[in-house]
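Here is the structure we will look at, set down as C-alpha cells.
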Amino acid sequence: MKINVGVLGATGSVGQRFVQLLAEHPMFELTVLAASERSAGKKYKDACYWFQDRDIPENIKDMVVVPTDPKHEAFEDVDIVFSALPSDLAKKFEPEFAKEGKLVFSNASAYRMEEDVPLVIPEVNADHLNLIEIQREKRGWDGAIITNPNCSTICAVITLKPIMDKFGLDSVIITTLQAVSGAGYNGVPSMAILDNLIPFIKNEEEKMQTESLKLLGTLKDGKVEFAKFKLSASCNRVAVIDGHTECIFVKTENGAEPEEIKEVMDKFDPLKDLNLPTYAKPIVIKEEIDRPQPRLDRNIGNGMSIVVGRIRKDPIFDVKYVALEHNTIRGAAGASVLNAEYFVKKYL
Ligand SMILES: NC(=O)C1=CN([C@@H]2O[C@H](COP(=O)(O)OP(=O)(O)OC[C@H]3O[C@@H](n4cnc5c(N)ncnc54)[C@H](OP(=O)(O)O)[C@@H]3O)[C@@H](O)[C@H]2O)C=CC1
Ligand SMILES: N[C@@H](CC(=O)OP(=O)(O)O)C(=O)O
C-alpha cells in the first residue's frame, strides 16, 4: 500500500521538483498540494507558473491546491508532508504539521541546526534519524521534523564522507559557483546575473560551515557531537540555471594521494542494497580533463549523483577536485524524498 503524501510550497521552484519526483512514485501517493492563500482553490496548472522542461504530470495538473493548514480536511489521510516552504514560513508551519502527527521532511533551513532535529543525508549519517525519539519526547508531538541540508552543503559533504572515513579530515576549503535556480524563480534578476558573477549569497557560507560539521558529526548519548575539522567556504552566484559546481581543497589527517581519494569516492555506495527508488550512486567520477560541467553532467543519476572530476594533487593541501550537483534535485527535493524513502524502509 502506498503512503499518502503532501507537498507544502508545491507551486515554487523546489515544490515543482517535488511534484516531478512524487507524481508516479512507487512508495508514495501524492494526494495534497498546498501553497499560499493566493493559490488555494485553484487547479495546480493555474496556480503554478511551471518552468520545468517537462510538462506538469497529467495526474497532477488538475488537482486543486489547498491552503497550508494542517487541520484542512485534505491532510486527514496524509502521513508525510514534504516542505518546500520559504524558511520563515517553515518556522511557523512545520511544527503545526508535526503536532498533527505528520512526518515533515523539510527542505527549509528553519530547524536544521536545532539539537533534537535530524539533519540527514542517508548515505552519510542515517543514524541521526534516531534523534526523533528525543524530539517527540521534548516537543510532545507524535509527528516529527526531519531536515535535509542546504544544497551546497550536500554536494560537499557527500564527497567528504568517504575521505573522512578513510583518511580523516584536517582542513577543507570550498569555493562554490551556484546556479540561479537556488534562489528561486524570482530570486536573481537577469540584469544582475547575465554577463556577471555575484560573489555573495546571504548566509550560505555560514550554513555550509556549520551544517557540514553536524552532518559529519557523531550521534552519542542523544546528541550530535560535531566533527572537528576546519572548513572555510566562499560562495558565488553564476549564470547557470541548474547545477552547483564546487572547487574543493582537502587536507587529510593521515595524508592521501589523488588516486586513493578517487578510489574511496568511487567505492562509496552505502545504500545500494536497499532499492530506494530515488537512490543513485552517490558519487560518479568523470575522467575527462574538462568535466564536470553543469549543462552536460547535472542529470547523471537522474540528478541524484554528485559528479566529481579533476581529482589532483594540491601544492598546499593534499588534493583538490571539482564536484557538481543538481541543486534542485540532489540539493533539494530529491534529498527530502530520499530521506523519506530511507525512513519508511528502516523505521515504519
Ligand atoms: N531552490 C533551491 O535550490 C533550494 C531551495 N531550498 C529551500 O526550499 C524552500 C523553497 O524554495 P523555493 O522553491 O526556491 O521558493 P519559491 O519562492 O520558488 O516557492 C515558495 C513556495 O512557498 C509558497 N508560499 C509563499 N508564501 C506562502 C504562505 N504565506 N503560506 C503558504 N505558502 C506560501 C509559495 O506559494 P504561492 O505560489 O501560492 O505563492 C510557493 O509554493 C526554501 O526554504 C529554500 O531556502 C533549499 C535548497 C535548495
Ligand atoms: N541558498 C541556496 C538555496 C537555498 O535555499 O538554501 P537553503 O535551503 O539553505 O535555504 C542557493 O541559493 O543556491
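The figures that follow rest on heavy atoms only: side chains count, while hydrogens, waters and symmetry mates do not. Start at 1 and go down the list; that is how both ligands and their atoms are numbered. It should be emphasised that the depicted structure is a prediction, and the values quoted were computed from it without experimental measurement.
Taking the side chain as every heavy atom from C-beta outward, Gln16 and Trp50 approach each other to under 4.5 Å.
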inquiry  = For Arg17 and Asp242: C-alpha separation, side-chain torsions, deciding distance, then whether salt bridge (Lys or Arg N to Asp or Glu O under 4.0 Å) applies.
reply    = CA-CA 12 Å; Arg17 289 290 184 191; Asp242 284 319; 3.1 Å; yes
key: Criterion side-chain hydrogen bond (donor to acceptor under 3.5 Å, both in side chains) on Asn4 and Thr31, from CA distance to verdict   = CA-CA 6 Å; Asn4 289 341; Thr31 58; 4.6 Å; no
ask   = Where do Arg139 and Glu96 land on the salt bridge (Lys or Arg N to Asp or Glu O under 4.0 Å) test, with the steps shown first?
value = CA-CA 11 Å; Arg139 306 206 186 217; Glu96 293 179 9; over 6 Å; no
Worked verdict on Lys320 versus Asp314 for salt bridge (Lys or Arg N to Asp or Glu O under 4.0 Å) = CA-CA 6 Å; Lys320 55 187 168 188; Asp314 183 72; 3.5 Å; yes
inquiry  = Under the criterion side-chain hydrogen bond (donor to acceptor under 3.5 Å, both in side chains), I'd like the reasoning laid out for Asp116 against Tyr111: C-alpha separation, chi angles, the key distance, then a yes or no.
reply    = CA-CA 9 Å; Asp116 58 343; Tyr111 291 96; over 6 Å; no
ask   = Given Thr218 and Glu225, is the side-chain hydrogen bond (donor to acceptor under 3.5 Å, both in side chains) satisfied, shown in steps?
value = CA-CA 5 Å; Thr218 311; Glu225 274 182 13; 5.4 Å; no
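Looking at Glu94 and Ser106, their side chains do bring a donor and an acceptor atom within 3.5 Å of each other. There is a side-chain donor-acceptor pair under 3.5 Å between Glu204 and Ser152.
When only non-hydrogen protein atoms are considered, atom 10 (C) of ligand 1 lies nearest to Ala84 O, 3.1 Å. Counting protein heavy atoms only, atom 40 (C) of ligand 1 is closest to Thr11 OG1, 3.4 Å. What sits closest to atom 1 (N) of ligand 2 on the protein, heavy atoms only, is Glu204 OE1, 2.6 Å. Among protein heavy atoms, atom 18 (O) of ligand 1 sits closest to Ser13 N, 2.9 Å. The nearest protein atom to atom 5 (O) of ligand 2, hydrogens excluded, is given as Gly182 O, 3.8 Å; this is a heavy-atom distance. At the shortest separation from atom 6 (O) of ligand 2 among protein heavy atoms lies Asn150 ND2, 3.3 Å. Atom 27 (C) of ligand 1 has its closest protein heavy atom at Leu89 CD1, 3.2 Å. In terms of protein heavy-atom proximity, atom 10 (O) of ligand 2 is nearest to Lys207 NZ, 2.9 Å. For atom 7 (C) of ligand 1, the nearest protein heavy atom (residue, atom name, distance) is Asn107 ND2, 3.5 Å. Protein heavy atom closest to atom 17 (O) of ligand 1, with residue, atom name and distance, is Pro86 CG, 4.9 Å. Here the heavy atom of the protein found nearest to atom 25 (C) of ligand 1 is Arg38 NH2, 3.6 Å. Atom 13 (O) of ligand 1 has its closest protein heavy atom at Val14 N, 2.7 Å.
Of all the listed residues (Glu206, Gln178, Arg237, His244), Arg237 holds the heavy atom that lies closest to atom 12 (O) of ligand 2.
A donor-acceptor pair under 3.5 Å is formed between the side chain of Asp318 and the backbone N or O of Thr252. Put simply, the side chain of Asn236 gets close to the backbone of Thr176: a donor and an acceptor are under 3.5 Å apart. Here the side chain of Asp297 pairs no donor or acceptor atom with the backbone of Pro294 at under 3.5 angstrom.
The shortest N or O to N or O distance between Ala108 and ligand 1 is not below 3.5 Å. At under 3.5 Å, not a single nitrogen or oxygen of Ser109, backbone or side chain, sits near a nitrogen or oxygen of ligand 1. Considering backbone and side-chain N/O of Leu85, one or more are found under 3.5 Å from N/O of ligand 1. Between Gly9 and ligand 1, at least one pair of N/O atoms sits closer than 3.5 Å. Backbone and side-chain nitrogen or oxygen atoms of Gly331 are examined, and none is located within less than 3.5 angstrom of a nitrogen or oxygen of ligand 1. For the pair Tyr185 and ligand 1, the shortest N or O to N or O distance does not fall below 3.5 Å. Any N or O atom pair closer than 3.5 Å counts here, and Thr328 shares no such pair with ligand 1.
Put simply, no part of Glu211 is less than 4.0 Å from ligand 2, judged by heavy atoms. For the ligand labelled ligand 2, residue Asn107 lies inside the 4.0 Å heavy-atom shell. Within the 4.0 Å heavy-atom shell around ligand 1 one does not find Ala90. At least one heavy atom of Cys151 sits under 4.0 Å from some atom of ligand 2.
The aromatic rings of His72 and Phe75 stand perpendicular to each other, their planes meeting at an angle above 60°, with 30° marking the opposite boundary.
Only the side chain of Arg112 comes within 4.0 Å of ligand 2, counting heavy atoms alone; its backbone N, CA, C and O stay farther away. Contacts of Ala47 with ligand 1, taken as heavy-atom pairs under 4.0 Å, are absent altogether. When non-hydrogen atoms are compared, ligand 1 lies under 4.0 Å from neither the backbone nor the side chain of Pro67.
Heavy-atom contacts of Thr68 reach the following atoms of ligand 1: 31 (C), 32 (N) (cutoff under 4.0 Å). Counting atoms of ligand 1 from 1 in the listed order, those under 4.0 Å from a heavy atom of Ser87 are 43 (O). Near Ala10, meaning under 4.0 Å from one of its heavy atoms, ligand 1 places the atoms 41 (O). Using a 4.0 Å cut-off to heavy atoms of Cys151, the atoms of ligand 1 that qualify are 48 (C). The Ala332 neighbourhood of ligand 1 comprises atoms 47 (C), 48 (C), with distances under 4.0 Å to a heavy atom of that residue. The distance from ligand 1 to the heavy atoms of Gly184 drops below 4.0 Å at these ligand atoms: 14 (O).
Atom NZ of Lys2 is surrounded by more than 12 heavy atoms from other residues, nucleotides or ligands within 6.0 Å. For CD of Gln52, the number of neighbouring non-hydrogen atoms (other residues, nucleotides, ligands) closer than 6.0 Å is greater than 12. Taking a 6.0 Å sphere around OH of Tyr49, one finds it holds 12 or fewer heavy atoms contributed by other residues, nucleotides or ligands.
Look at Asp142 and Lys102 and you find no salt bridge, because none of the NZ, NE, NH1 or NH2 atoms lies under 4.0 Å from a carboxylate O.
In this structure, atom 44 (C) of ligand 1 has its sub-4.0 angstrom surroundings free of protein heavy atoms.
Partner of Pro118 under the side chain to side chain contact (heavy atoms under 4.5 Å, CB included) criterion, out of Asn339, Ile146, Ile134: Ile146 alone.
In terms of hydrophobic clustering, with Ile, Leu, Val, Met, Phe, Trp and Tyr side chains grouped at heavy-atom distances under 4.5 Å, Phe343 and Tyr279 are assigned to a common cluster.
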